[in-house]
Amino acid sequence: MATIGIMSMHRILNYGSSLQAYSLRRLLAELAPNADLTFVDYHPGTPLVNETQSNGIPSQLGRLFRKVQEYGSHDASWPDKLRFFEHKRTYAKKYFPLIHLPASRMYDTNMDLQVIGSDEVFNCVQSNANVGFSRDLFGINSQSRSLVSFAASFGNTTLEKIRTHHVDEELAAAFARFDRISVRDENSAHIVESLTGARPPIHLDPTLVFNLLPKSMKPNGKKVAEPYLLVYAYPGRLDDDENAHIKAYAKRKGLKIMCFGGAQPCGDSFIDCSPFELLGYFSHASAVVTDTFHGTIFSVLTERPFATITRANQHHGYGNMEKIGYLLDTLGLRQRELGQIQQLESVLAQSIDYPNIQQVIADERLKAREYLAEAVAPLQETKPIQRPQ
């Protein structure tokens with residue numbers, strides 16, 4: 001039996017990471033139904049960004065300390081804060097089994113095909129000590145017979161940052177080992193082309209390529225008894241002005257505010273649910289406000305009125321323009337970008353031509369599936385590696 005390993009951001013505790021990993025696994029299972037599919041974990045590397053100390057606390061503990069401060073500092077209600085902490089504490093135990101992710105980690109890359117992606121697997125200039133500059137995510141020292149990426153993203157790592165930290169030659173050498181390279185945004189394509197001289201294809205995120213909606217579960221009971229505005233953003237990212245405008249909009253429209261991904265000051269309730277139930281909540285929302293890549297995708301999948309808050313790349317801080325901007329342009333949805341929160345009502349009032357957008361998605365799905373089909377085709381032509389029992 002041929003062996004395929006997926007190295008992704010599958011253990012990150014958020015819905016987008018979970019559903020993109022699940023979707024890619026399902027796509028590969030459809031294209032190589034007789035293959036042995038598994039998730040492969042990566043070893044974190046030393047962060048290139050020297051922002052991993054917090055009051056002298058070692059990097060990973062420092063990040064945890066800052067996260068606790070971030071989660072507790074905003075003005076969401078204490079019941080919502082406690083629900084959010086419990087959501088994070090129990091996420092892996094409750095939801096990893098749903099995406100076929102085992103509790104134990106597996107690092108063996110001795111396999112026929114290793115697929116790196118999707119998500120921000122190439123985001124190497126970041127301060128997160130749980131990832132850092134992980135050379136595993138660039139296939140360095142991989143033992144796989146064939147190595148490809150799919151819809152991989154550099155996130156807010158730019159070519160300038162890569163050159164500033166002097167890893168451009170190392171990345172170029174790493175990419176030379178790949179049999180195929182696929183990315184999911186223009187920033188990532190520009191970096192790969194600059195380092196290798198060859199432009200990679202750009203593909204949609206797996207959550208748009210694989211049809212997730214039949215798997216979605218309707219949320220039940222009292223939680224959806226009233227019309228609601230769905231807010232999907234991580235804690236601490238919505239500022240006071242954004243919270244105030246979102247709350248005022250919901251009041252004018254007679255909507256409750258249900259928050260996912262993080263508790264927010266504007267919210268009436270933070271909801272802890274499974275990744276597939278989340279899609280059900282999107283499906284029933286009157287409208288969506290998000291500042292995330294996958295929140296934008298889930299809005300499109302469920303054909304909701306939505307507004308996406310975009311933020312500029314702030315040196316080594318959070319920025320989402322590189323990945324979200326290209327997604328909106330690809331789907332013809334740049335008008336859903338919310339550059340200023342004062343535009344919230346006007347953006348949500350605009351109609352969306354979803355039949356045309358679904359045709360764009362259908363065309364892009366064909367391209368992505370063709371790419372993956374070509375990647376797995378050699379598995380039928382060679383004797384597979386026999387993995388130890």
Which label fits His87 and Tyr15: parallel for a plane angle under 30°, tilted from 30 to 60°, or perpendicular past 60°? tilted
Using the side chain to side chain contact (heavy atoms under 4.5 Å, CB included) rule, take Gln126 and Glu120 through it: C-alpha gap first, then chi angles, then the decisive distance, then the call. CA-CA 11 Å; Gln126 59 167 298; Glu120 295 185 19; 5.8 Å; no
Would you confirm whether Thr207, through its side chain, and Gln20, through its main-chain N or O, come within 3.5 Å as a donor-acceptor pair? no
For Val289 against Ile246, the heavy-atom pair lying closest together: CG1-CD1, 3.9 Å
Not counting sequence neighbours, which residues clear ring pair (Phe, Tyr, Trp, His ring centres under 6.0 Å) with Phe122? List them please. Phe138, Phe154, Phe175
Are Arg83 and Glu86 ion-paired here, with the side-chain N under 4.0 Å from a carboxylate O? no
By the definition ring-ring contact (aromatic ring centres under 6.0 Å, His included), identify the one residue from Tyr95, Phe39, Tyr22 that meets it with His10. Phe39
Electrostatic pair Glu242:Arg311 at N-O distance under 4.0 angstrom: yes
More than 12 heavy atoms of other residues, nucleotides or ligands under 6.0 Å from CG of Asp241: yes or no? yes
Chi angles and distances behind the side chain to side chain contact (heavy atoms under 4.5 Å, CB included) call for Leu366, Glu364: CA-CA 5 Å; Leu366 285 176; Glu364 292 295 328; over 6 Å; no
Check whether Asn243 reaches the backbone of Cys266 with its side chain - one donor and one acceptor, N or O, closer than 3.5 Å. yes
Please work out whether the ring planes of Tyr281 and Tyr228 are parallel, tilted or perpendicular, with thresholds of 30° and 60°. perpendicular
